[in-house]
Amino acid sequence: MTKDLFIYNSLTRNKELFQPIQSPHVGLYVCGPTVYSNVHLGNCRTFMFFDVVFRYLTHLGYKVRYVRNITDVGHITSQFDEGVDRIGEQARLEQLEPMEIVQKYTDDFRSVMRVFNNHSPSIEPTATGHMIEQMEMIKKILDQGFAYEVNGSIYFDVQAYRKQYPYGELSGRNVEELYENTRTLDGQDEKRFFADFALWKKASPEHIMRWPSPWGEGFPGWHLECSAMSTKYLGDQFDIHGGGMDLKFPHHESEIAQNTACCGKGPVRYWMHSNMLTVNGQKMSKSLGNSFLPHELFAGSHPLLEKGYTPQVVRFFMMQAHYRSTLDFSNDALNAAERSYERMMGAYSALADCKASASSTADTAALEQRCYAAMGDDFNTPVLVAELFEAVRMINGCKNGQLDLTADNLLQLKRIMEVFLIEVLGVQPMEEAASTELPDLMMDAVFEVRKTLKEKKDYATADLLRDVFAKRNIGIKDTKEGGEWSYEKK
Ligand code: AMP
Ligand code: ZN
């Protein structure tokens, strides 16, 4: 079975055979969310895709260290260093401490990631937790002569850098073009060159988020945290760096420049960028006002939705587009995904009822190979889903007595579904996803304890247990089989 993996490298604009720097270890860094608002479905698309990358690399046997940061300082509202800090601004609007904002939206982010069945990354570092590393990196960049200080702020010196290294390779933007976009902006006068960007900004008296530094009180530039944290956890050079397409410039371009200036070499072997989730052809984004929150989609409460969809249907919908293509969000597309998901899951559970025949003409080995080929071709999930529907066709054929499958065929189909649908795409059967089992399991334990208490005639404690649940609007009743429980509306 060939399991070669080719990855489209955004830096070289080629599909390249994936070869880790230190196999079997793989370092994967993905830019995480800025936790100043609820995560929207567009963000979810990007994180769900990189979850599949993490899952597939792990399936291939690599030991993956997946680092996905939490941006909790430094991401400002303008690309060119003159905006306000998004978290500080939200803290002002909600009249909370910045760290309360960070906590609130980090909790939201994590619960949404869980609902979509994404694995947790290996490390989830925060920018504010890595101030020392960021300052150390600034010092190194200053020492190398690629940054300068003006009035308590430190800027990256793009002109000095360009004398030694190429700048703009990833985004394909040239500095002259950039000039057209920035020259009209105010507040550029501290910089020697319009394309220079902040590594450290002096905090104005009203700026809430501030740290002491060798250059006075201030805060780090947004791009710096990812350079500092990726270097700390994955080394000067690591395998894969991912993020949404919109982060190529200025964020990733600046990361490359910072790391190269600091360590003398480009940090990343394979740059991967996922494309945008769109609504009527327009990027879903909070600032455009067309963003959907996950729970609005589950509940069907958004005015643009006809009904609700489960997280697993949404995940399946996301998998049906290639990550480098845009994916448009519509009722029709979601309805189609829902039908496909049900068909797929129906076949997955029907596998258990399939009876083996002595001989067969079905070639399940070739099908398994095609599944690897699809994922090996730059994580081509839509082709993989099409192959999985071939498996569905075989399973349904067998169930209906129209196709003979041997015991080996059935084993292979089971493996294909388990590996590619459940493990790699991370799509769960509906019942499992609803995680109804966990509360039921716990309540079973409660009923067991109540039974013992009653046997010991300790009715007071048995009643206490019932009352404790009643206070939380959960009614419990003992039955012969054990017990029943339900949420009770008051
Ligand atoms: P942010 O919190 O704005 O830094 O975004 C977190 C991640 O979501 C980044 O990788 C963005 O590129 C990505 N992202 C933002 N909007 C979309 C969208 N409409 N579709 C897909 N990814 C997005
Ligand atoms: Zn980043």
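Order of appearance sets the numbers: ligands from 1, and atoms from 1 within every ligand.
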Protein heavy-atom partner closest to [atom] - residue, atom, separation in Å:
atom	answer
atom 19 (N) of ligand 1	Met284 O, 2.7 Å
atom 20 (N) of ligand 1	Leu277 N, 2.8 Å
atom 14 (N) of ligand 1	Asn43 ND2, 3.6 Å
atom 10 (O) of ligand 1	Gly244 N, 3.0 Å
atom 17 (C) of ligand 1	Met276 SD, 3.5 Å
atom 4 (O) of ligand 1	Thr34 OG1, 3.6 Å

Checklist entry - Between Met229 and Glu133, is a side chain to side chain contact (heavy atoms under 4.5 Å, CB included) present by the stated rule, with each step listed? => result CA-CA 8 Å; Met229 296 190 283; Glu133 288 83 350; over 6 Å; no

Checklist entry - Got a sec: is Cys226 within less than 2.8 Å of the Zn ion (ligand 2) via an N/O/S atom? => result yes

Checklist entry - Does any N, O or S atom of His223, backbone or side chain, fall under 2.8 Å from the Zn ion (ligand 2)? => result no

Would you say [X] and ligand 1 have an N/O pair spaced under 3.5 Å apart?
X	answer
Lys283	no
Pro33	no
Asp246	yes
Thr46	yes
Arg45	no
Gly42	yes

Next on the checklist: Pair Phe6, Leu17 - check side chain to side chain contact (heavy atoms under 4.5 Å, CB included), show working.
Outcome noted: CA-CA 4 Å; Phe6 287 83; Leu17 179 65; 3.8 Å; yes

If we ignore hydrogens and angles and just use 3.5 Å, is the side chain of [X] paired with the main-chain N or O of [Y] as donor and acceptor?
X	Y	result
Glu225	His130	no
Tyr270	Gln19	yes
Asp108	Asn38	no

Checklist entry - For the ring pair Phe193 and Tyr161, is the centre-to-centre distance below 6.0 Å? => result no

Checklist entry - Quick check, are the ring centers of Phe47 and Phe116 under 6.0 angstrom apart? => result no

Within a distance under 4.0 Å of any heavy atom of [X], pick out the atoms of ligand 1 and give their elements.
X	answer
Leu247	9 (C), 10 (O), 12 (O)
Phe47	6 (C), 7 (C)
Asn275	21 (C)

Item to check | Phe54, Phe379, Tyr372 screened by ring-ring contact (aromatic ring centres under 6.0 Å, His included) with His59, the one that passes | outcome: Tyr372

Taking side chain as C-beta onward, heavy atoms only, is [X] less than 4.5 Å from [Y]?
X	Y	value
Tyr155	Arg192	no
Phe238	Ser230	yes
Phe329	Leu297	yes

Item to check | ligand 1-proximal atoms of Thr71, by part, heavy-atom distance under 4.0 Å | outcome: neither

Checklist entry - Would you say His40 touches ligand 1, if touching means a heavy atom closer than 4.0 Å? => result yes

Checklist entry - Among the heavy atoms of Val30, does any lie under 4.0 Å from an atom of ligand 1? => result no

Next on the checklist: Show, in sequence, the C-alpha distance, side-chain angles and deciding distance for Tyr8 and His322, and conclude whether the ring-ring contact (aromatic ring centres under 6.0 Å, His included) test is met.
Outcome noted: CA-CA 12 Å; Tyr8 180 85; His322 189 254; 9.0 Å; no

